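Take a look at the structure set out below.
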Amino acid sequence: MNSTYKRIKLQLQIIRLLFICAIAVGVLGFYEFRPNQSSAETDAENTTLVSPASEPKLAVGSTDPISGFVVDEKGHFELVRTTCGACHSTALVTQNRATRQGWKDLIVWMQETQKLWDLGENEEPILDYLSTHYAPTQKGRRPNLTGIEWYELGE
Ligand code: HEC
């Protein structure tokens, strides 16, 4: 009886010791992997290394490969991309041409019938962008014909 009691006591002590060890490992681990100054710096370095490759700076006048939008100087194409690409393909936008008023009317139509939200202060830059880069193409008189071999009328 006495020896059984001693054995159980020993086992309990071993369990307690293991428990303390586990806590110690846990605490050490926490301090070891806590983001400290130096590892935060490494993170920052990694981010700068990674981000330019994933988001290359697009040249003004080129076409944004994600949306097909013309890249403008002010970078408003990104705003238009996120706003006007939220519900439908941006191709629906890029294949259309309208005046500033035309784009405004379209936005109002979508607000009234298609649950488009109030664009707030974004409306101005969006309209600026659309009316500049997706304006109606001016088609005047057809250009003169070229490369025609005229034949002499005669006899
Ligand atoms: C809340 C959703 C939503 C957002 C955001 C949205 N649209 Fe639309 N838009 C629609 C729906 C719905 C249609 C109708 C699609 C259809 O007919 O298949 C539509 C249609 C269009 C059309 C085609 C109109 C036509 O005559 O067929 C154009 C152009 C357009 N949107 C431009 C824009 C522009 C520019 C923006 C950003 C300012 C925008 N959309 C943002 C919902 C949205």
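Just so it is clear, the structure is predicted and the values come from calculations on it, not from any experiment. Indexing begins at 1, ligand by ligand and atom by atom, following the structure's order. Throughout, residue positions are numbered sequentially from 1 according to the sequence presented.
- Of the candidates Leu127, Thr99, Leu130, Lys104 forms a side-chain contact (heavy atoms from CB on, under 4.5 Å) with just one, namely Leu127.
- The number of heavy-atom neighbours closer than 6.0 Å to CD of Glu73, taken from other residues, nucleotides and ligands shown, is 12 or below.
- Counting only heavy atoms of the protein, atom 33 (C) of ligand 1 lies nearest to Met110 CE, 3.0 Å.
- Of all atoms in ligand 1, listed by their number and element, those nearer than 4.0 Å to a heavy atom of Lys115 are 1 (C).
- Each of Val108 and Leu119 belongs to its own hydrophobic cluster when Ile, Leu, Val, Met, Phe, Trp and Tyr are linked at side-chain heavy-atom distances under 4.5 angstrom.
- Taken from CG in Asp128 to CD in Glu123, the straight-line distance is 10.5 Å, to the nearest 0.5 Å.
- Of all protein heavy atoms, the one closest to atom 15 (C) of ligand 1 is Leu92 CD2, 4.2 Å.
- Distance screen at 4.0 Å: atom 17 (O) of ligand 1 has no protein heavy-atom neighbour inside the cut-off.
- Rounding to the nearest 0.5 Å gives a distance of 10.0 Å between CD1 of Ile15 and CG of Leu10.
- Of all the listed residues (Arg81, His88, Glu123), His88 holds the heavy atom that lies closest to atom 19 (C) of ligand 1.
- Residue contacts to atom 8 (Fe) of ligand 1: Gln114 brings no N, O or S atom closer than 2.8 Å.
- Distance screen at 4.0 Å: atom 27 (O) of ligand 1 has no protein heavy-atom neighbour inside the cut-off.
- Judged by distance alone, with hydrogens and angles left aside, the side-chain atoms of Tyr129 form a donor-acceptor pair with the main-chain N or O of Val70 at under 3.5 Å.
- Close contacts of ligand 1 with Leu130, meaning ligand atoms under 4.0 Å from a residue heavy atom, involve 35 (C).
- Interatomic distance, Leu92 CG to Leu106 CG, rounded to the nearest 0.5 Å: 8.5 Å.
- The single protein non-hydrogen atom nearest to atom 14 (C) of ligand 1 is Trp109 CH2, 4.0 Å, given as residue, atom name and distance.
- Cys87 lies apart from atom 8 (Fe) of ligand 1 in this respect, since none of its N, O or S atoms is found at a distance under 2.8 Å.
- Within a 4.0 Å radius of atom 30 (C) of ligand 1, the protein contributes at least one heavy atom.
- Considering CG of Leu17 and CD1 of Ile14, their distance stands at 8.0 Å, rounded to 0.5 Å.
- Annotation for ligand 1: atoms under 4.0 Å from non-hydrogen atoms of Trp117 are 1 (C), 5 (C).
- Distances from atom 24 (C) of ligand 1 to the heavy atoms of Thr83, Ile126, Val93, Leu106 put Leu106 nearest.
- Among the atoms of Asn96, none of the N or O lies under 3.5 angstrom from an N or O of ligand 1.
- Looking at atom 38 (C) of ligand 1, its nearest protein heavy atom turns out to be Cys84 SG, 2.7 Å.
- In this structure, Asp72 contributes its side chain and Phe77 its backbone to a donor-acceptor pair below 3.5 Å.
- The hydrophobic cluster containing Trp117 also contains Leu79, counting ILVMFWY residues as joined when their side-chain heavy atoms lie under 4.5 angstrom apart, directly or transitively.
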